Number of protein chains: 2
Amino acid sequence: MSACGDCPVRNHAICSALEDSELAILRRIGRVQDIPAGQTLMWEGDEASVVANVVEGVMKLSTSLGDGREQIVGVAYPADFIGRPFGERVPYTVTAITDVRVRSFQRAGFEKFAQEHPKLEHKMLERTLAELDRAREWMLLLGRKTAQEKLVTLLLNMPNRLSETQCGTPEAPLDHFELPFGRQQMADLLGLTIETVSRQLGELTKSGLITLKNQREVTIQDREKLADLAGQ
Amino acid sequence: MSACGDCPVRNHAICSALEDSELAILRRIGRVQDIPAGQTLMWEGDEASVVANVVEGVMKLSTSLGDGREQIVGVAYPADFIGRPFGERVPYTVTAITDVRVRSFQRAGFEKFAQEHPKLEHKMLERTLAELDRAREWMLLLGRKTAQEKLVTLLLNMPNRLSETQCGTPEAPLDHFELPFGRQQMADLLGLTIETVSRQLGELTKSGLITLKNQREVTIQDREKLADLAGQ
DNA sequence: CGTGCGATTGACTGTCCTCAACATGGGTGG
DNA sequence: CCACCCATGTTGAGGACAGTCAATCGCACG
C-alpha cells in the first residue's frame with residue numbers, strides 16, 4: 001500500500017488541494033493504469049464513464065473529420081487531468097504518445113467526491129481556465145500563423161510546458177530538449193502536413209537557428225531570432 | 001431597485017446556482033454597464049481587474065499578432081461569463097459587436113464571493129468545461145477544414161448558439177436568422193480573409209443551399225446538403 | 001446628391017498540399 | 001554479425017486553394 005506521498009505529481013495535480021485524510025479516500029476510488037505508447041484510452045463520442053490524472057508520460061487529445069483529417073486539440077502532461085467530468089460524452093480521443101501511467105476514476109464516483117470537496121473543484125476550475133487560455137492561444141496559431149511561425153512557436157513553447165510539470169527548475173527555459181512528438185503528430189498539432197513540417201525544420205536548421213539530432217532532440221541556437229519569427 | 005427577477009438571463013447565467021438571498025449580495029457588488037457596438041471592454045494583456053456577465057447582446061473575444069492579424073477565439077452571448085477570474089491578466093481583447101449590456105464585478109470581490117459559494121464555482125466549472133469543448137471543436141475547424149467547410153459549419157452552428165441562450169424554444173434549429181457578424185468578423189472567426197468569405201457565400205447562394213438578404217439575414221435552404229459539406 | 005464604409009468581383013500570386021520517389025535507422029531473424 | 005525490413009522522415013515536382021491587390025458596387029448617411 002504505497003501512499004500518495006510517492007506520487008510524482010502529488011504537489012502539482014488537483015490533489016494538491018487536499019489533506020492527506022481526504023486524499024486517502026480519493027485514492028481508494030481510483031486505480032493506477034499503465035498504457036503503452038500508441039494505445040487509446042478513450043474514443044471521441046464514447047460515453048464519458050472514466051476520468052483520470054496523468055502521472056507519467058504524455059497523451060494527446062484529438063478530434064477528426066469523417067475522411068480522417070485529424071487535429072490535436074490538447075496535450076496532457078504529468079499532473080494534467082483528462083476525460084470529461086460533468087458531461088455525457090468525451091468530445092475527443094485520448095491517446096498515449098509515450099508510455100503512460102494514469103490514475104483513473106469512475107466519473108460518477110469522482111464527481112460525487114468533487115462536489116463534496118469545494119477546494120478540489122476550485123483547483124479544477126483554475127486548471128480548466130488555464131487550459132482554455134492555452135486552447136485559445138493555439139486558435140490564433142491555427143487560424144493566422146504561417147507554417148514557419150507555427151513551427152517556431154511550437155519549438156519555443158515546448159520546453160516551458162515540459163518543465164512546468166516535471167520536477168526540477170521551472171525558471172529558465174531549456175534550450176535543449178527532446179520532442180515527445182513525431183512528425184505526423186507535430187503536423188496534427190499545427191494544422192499542417194508532415195512534408196511541410198519536415199521542410200520547415202530543414203529551413204530552420206539551415207539558417208542555424210536550431211540543430212537536430214535523432215529527429216527528436218532539438219537545440220535552440222538563437223532564441224531571440226526565433227522569437228522574432230514566431231509572429232509575436 | 002430592480003430585482004434580478006427581471007434579468008433576462010436569471011435562469012441561464014451562473015446566478016442560476018444561487019438562492020435569492022445570495023443573489024442579493026452578488027447584485028450589490030456588481031453594476032450594470034451598457035456598451036455600444038464596437039467598443040472594447042478589456043484589452044489583451046490588461047490587468048484582469050474586472051469580470052462580467054453578458055445580459056444582452058453579443059461580444060467577441062480576440063487575440064492578435066504583432067502585425068495586426070486577428071483571430072476571434074470566442075463569442076459571448078447573453079448569460080455567458082467574460083473576463084479572467086483567478087488570473088493576473090486578460091489573455092484576449094473583449095469587444096461588443098452589437099450594443100451590449102453586462103453586469104460587471106471587481107474581480108477580487110467576485111472571487112471572494114465565489115469561493116464562499118461552492119455551487120457558484122461548480123456552475124462556473126461546468127460552463128468553462130463547455131467553453132473548452134467549443135474551443136477545441138473550433139480548433140479542428142481552423143486547422144483542418146477548407147474555406148467552404150468553415151463557412152458551412154459556421155452557418156449550421158449559428159442558430160444553435162443563438163437560440164440556446166435566448167429565451168424561447170431551444171429544440172428545432174432555426175433555418176432563418178440574422179448573423180451578428182459582418183464579413184470581417186466572420187473572416188476573423190474562421191481564419192480566412194473577407195474576400196474568401198464573400199466568395200464562398202456567393203458559391204453557396206448560387207448553388208441554392210442558402211439565400212441572403214441584407215448581407216446579414218441568412219436562410220438555410222437545404223440543411224442536409226449543407227451538413228454533407230461541413231466535413232462532419 | 002455626394003460621401004464613405006462594407007461587400008463584391010476580378011486578375012494574379014504564393015504558400016502549402018498532393019503525389020511520388022528516395023533516405024535513414026532501429027529492430028528482428030537468419 | 002550482417003542482411004533485411006518496416007516505419008518514419010526527407011526531398012522534389014507540380015498543382016490547387018486561398019491570399020493579395022485593386023477596381024467597382026451598393027447602400028445608408030448626412
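Note that the structure is a prediction, hence the values are computed from the model and not measured. We name chains A, B, ... by the order of the sequence lines, and we start the count at 1 in each one.
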Start with the C-alpha distance between Glu137(B) and Thr63(A), add both sets of side-chain angles, then the distance that settles side chain to side chain donor-acceptor pair (under 3.5 Å), and finish with yes or no. CA-CA 8 Å; Glu137(B) 197 185 321; Thr63(A) 46; over 6 Å; no
Is it true that the NZ or CZ of Arg161(B) lies under 6.0 Å from the centre of Tyr77(B)'s six-membered ring and within 45 degrees of the ring axis? no
Chain A vs DNA chain D, heavy-atom contacts under 4.0 Å, first-to-last nucleotide span, 5' to 3', is dG9(D) to dA13(D)
Electrostatic pair Arg144(A):Asp188(B) at N-O distance under 4.0 angstrom: yes
Going by number, which of residues 57-70 of chain B have a non-hydrogen atom under 4.0 Å from DNA chain D? none
For Phe105(A), all residues meeting ring pair (Phe, Tyr, Trp, His ring centres under 6.0 Å), sequence neighbours excluded: Phe110(A)
Walk along nucleotides 5-24 of chain C from 5' to 3' and tag each nucleotide B, S or - by protein heavy-atom contact under 4.0 Å, base first, then sugar-phosphate. --SBBBB----SSBBB----
Compare all side-chain heavy atoms of Leu141(A) with those of Leu190(A) and state whether any distance is below 4.5 angstrom. yes
Any non-hydrogen side-chain atom of Arg136(B) less than 4.5 Å from a side-chain atom of Glu131(A)? yes
With salt bridge (charged side-chain N to carboxylate O under 4.0 Å, His left out) as the rule and sequence neighbours excluded, what pairs involving residues 36-56 of chain A come up? none
Does one side chain, of Gln71(A) or Ser64(A), offer a donor that lies under 3.5 Å from an acceptor on the other? no
Working for side chain to side chain contact (heavy atoms under 4.5 Å, CB included), residues Val55(A) and Val100(A): CA-CA 7 Å; Val55(A) 177; Val100(A) 161; over 6 Å; no
Across all chains, not counting sequence neighbours, the ring pair (Phe, Tyr, Trp, His ring centres under 6.0 Å) partners of Phe177(B) are none
